[in-house]
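Notes for the one structure printed next.
Given the structure is predicted, the values throughout are model-derived calculations rather than measurements.
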Amino acid sequence: MQKEYRTISEVVGALMLVNQVEGVKYDELVEIVQEDGSIRRGKVLEVNGDRALVQLFEGSQGLRVSTAKARFMGRSIELDVAPDMLGRVFDGMGKPKDGGPALIPEKHLNINGNPMNPAARDYPSEFIQTGVSAIDGLNTLVRGQKLPVFSGSGLPHAQLAAQIARQAKVLGSDEKFAVVFAAVGITFEEADFFISDFRKTGAIERTVTFINLANDPAIERIATPRMAITAAEYLAYDLGMHVLVIITDITNYAEALREISAARNTMYERAGRIRDNKGSITMIPILSMPEDDVTHPIPDLTGYITEGQIILSRDLYRKGLTPPINVLPSLSRLKDKGIGKGKTREDHADTMNQLFSAYSRGKDAKELAVILGDAALSDTDKLYAKFADAFEAEYISQGYYTNRTIEETLDLGWKLLGILPRTELKRIRDAYLDKYYHPAQ
């Protein structure tokens, strides 16, 4: 039920105070109707007695308070959804920005949604192939998981996000796969990169894209990820699709939340799988760490409420590795649930543990050589150092347009382990060594 008031008393920047209101609720959508019939929109940030504080989406420049009226819409911000939203590009408030026709909605959904009932959750267990060896082989993404990417300013998280959006798929599944991609607080050039890349590679046909630019209002920055997850919920639970949600940059979202200071729940809890529903939502939020500080409150809290993290390394980036994923501190807490016989391959878990161990020892050997010289290394240490170099050059660094199957990733791991003597591969059972191990020539 709509209510109109001509009691706007004060406007400061994008904030507006409306007096003598009744029955107004937090987060309610507001339309500010001006004398010439033009409309600006906002939402209720706070209600105190009979006064409502409204955040305007478009700002207040040129607004005449004396003749304007505030119309409270009786509902929160909604997203129009329909099957043909796939392949479309929307702004941060869900309006088409690709020059295409307006969406004919099948539903209007509240973008705030609800966290998933823990009792209804189904445990994530199916492997998602991203085509990126450092993720698929060592920090495996599982259907229904929340696995953030921690990056730093200037690191190529945009390229990695676009690569995952292009390449990700569920193996051995007949369910349709879709990507919902939300860019939050990015520059026009970054937005153009994503849209052009998706169009050029054809990925846009299975993607719903939301773009919020850096010069858009902070309130829109908060709405954009929620628009994306609402679209994902519709595709997953109404249309039965498996949906991968990629959001970049969560740090911009968090800063907008701090600016508005009105956060009420966490959107991460809307990802997952529901029992007896074949659809699912898997989430890869990408966030840039201020000053590369993994202990900063944003990445620190994100790490607690998600199921691991993929960490990009400035040192690897300077070496020219693409993507510069630092596999040792990266972690997928659910990786063991999505690998093995019938999911990836029977040797996956053993080779993953061996690759981690060998790379860690190889890096230690290289650091020792820097301090004491190569003469301080044993012959075995030199092999581990050689392994570490080859591992970075071939396994981690694959470029942004190489899409490896899980078999190719596993076979590459075995090829690199061939640098080491069989007696060093203590984390792999003999049956797999007999089947897959070949010493390097």
Side-chain angles (χ1 to χ4, degrees), residues 115-151 157 160-161 164 168 170-171 229 232 236 242-248 250-251 254 266-275 280-287 289 293-313 323 325-357 359-360 395-396 406 409-410 413 427:
M116 195 180 292
N117 183 346
R121 282 188 179 273
D122 200 3
Y123 202 81
S125 63
E126 293 174 76
F127 169 68
I128 294 179
Q129 180 176 286
T130 67
V132 179
S133 292
I135 297 175
D136 294 350
L138 301 177
N139 294 288
T140 312
L141 178 64
V142 179
R143 183 175 174 179
Q145 185 175 6
K146 305 175 287 289
L147 184 63
V149 173
F150 289 2
S151 183
H157 46 266
L160 179 61
I164 294 171
V170 177
L171 297 186
I229 297 170
H242 169 56
V243 187
L244 175 64
V245 180
I246 301 175
I247 304 174
T248 181
I250 286 293
T251 299
T266 170
M267 61 184 180
Y268 294 123
E269 293 309 311
R270 295 168 66 183
R273 301 190 64 187
I274 296 177
R275 287 201 189 104
S280 63
I281 298 175
T282 306
M283 191 183 296
I284 299 183
I286 296 174
L287 59 92
M289 302 177 290
D293 180 10
V294 74
T295 66
H296 184 278
I298 296 173
D300 190 47
L301 179 59
T302 300
Y304 274 114
I305 59 179
T306 55
E307 292 127 359
Q309 65 275 332
I310 303 295
I311 298 179
L312 300 191
S313 161
I325 295 174
N326 192 355
V327 298
L328 293 179
S330 295
L331 170 69
S332 170
R333 293 191 180 97
L334 300 181
K335 63 187 176 187
D336 293 336
K337 309 300 180 186
I339 64 175
K341 190 173 182 179
K343 295 180 179 179
T344 53
R345 206 166 71 186
E346 75 272 11
D347 58 310
H348 192 159
D350 286 13
T351 55
M352 175 177 64
N353 293 334
Q354 189 66 66
L355 288 167
F356 269 123
S357 173
Y359 181 50
S360 177
Y395 194 98
I396 294 176
I406 186 59
T409 289
L410 291 169
R427 296 173 183 267

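Between V142 and T282, the closest heavy-atom pair is O-CG2, 3.8 Å. In terms of heavy atoms, I286 sits closest to A161 at CD1-CB, 3.2 Å. The shortest heavy-atom contact between T409 and S133 is OG1-OG, 2.8 Å. Closest non-hydrogen pair, G308 versus P148, comes out as O-CD, 3.0 Å. Nearest heavy-atom pair across T344 and G338 is CG2-O, 3.9 Å.
Side-chain contact check for L147 versus M283: every heavy-atom pair is 4.5 Å or farther apart. Looking at heavy atoms from C-beta onward, I310 lies out of side-chain contact with F150 at the 4.5 angstrom threshold. Using a 4.5 Å cut-off on side-chain heavy atoms (C-beta onward), Y395 and L355 make contact. At least one side-chain heavy atom of I284 sits less than 4.5 Å from a side-chain heavy atom of L141. Taking the side chain as every heavy atom from C-beta outward, L331 and Q309 approach each other to under 4.5 Å.
Between the side chain of H348 and the backbone N or O of G137 there is at least one donor-acceptor pair closer than 3.5 Å. Listed for the T140 side chain is no donor-acceptor partner under 3.5 Å among the backbone atoms of K335.
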Run the side chain to side chain contact (heavy atoms under 4.5 Å, CB included) test on H157 and L312 for me, step by step, so that the C-alpha distance in whole Å, both residues' side-chain angles and the decisive distance to 0.1 Å come before the verdict. CA-CA 8 Å; H157 46 266; L312 300 191; 4.0 Å; yes

Apply side chain to side chain donor-acceptor pair (under 3.5 Å) to S332 and Q145, showing your working. CA-CA 9 Å; S332 170; Q145 185 175 6; 3.0 Å; yes

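Here T248 pairs with nothing under the side chain to side chain donor-acceptor pair (under 3.5 Å) rule; sequence neighbours left out. Considering only residues two or more places apart in sequence or on other chains, D336 meets the side-chain contact (heavy atoms from CB on, under 4.5 Å) condition with I339, M352. Residues passing the salt bridge (Lys or Arg N to Asp or Glu O under 4.0 Å) test with D136: none are found, sequence neighbours excluded. Evaluation of the side-chain contact (heavy atoms from CB on, under 4.5 Å) rule for L328 yields N326, F356, Y359, S360, K363 as partners, not counting sequence neighbours. In this structure, the side-chain contact (heavy atoms from CB on, under 4.5 Å) partners of A168, at least two apart in sequence or on a different chain, are I128, I164, F177, L244. By the side-chain contact (heavy atoms from CB on, under 4.5 Å) test, A134 pairs with I325, V327, sequence neighbours left out.
For the atom pair CG (L138) and CD1 (I396), the distance works out to 8.0 Å, reported to the nearest 0.5 Å. Going from atom OG of S330 over to atom CD1 of I311 covers 5.0 Å, rounded to the nearest 0.5 Å.
Remark: R345 CZ is packed, more than 12 non-hydrogen atoms of other residues, nucleotides or ligands lying under 6.0 Å away.
Checked for salt-bridge contact, R143 and E126 meet the test: a charged N lies under 4.0 Å from a carboxylate O.
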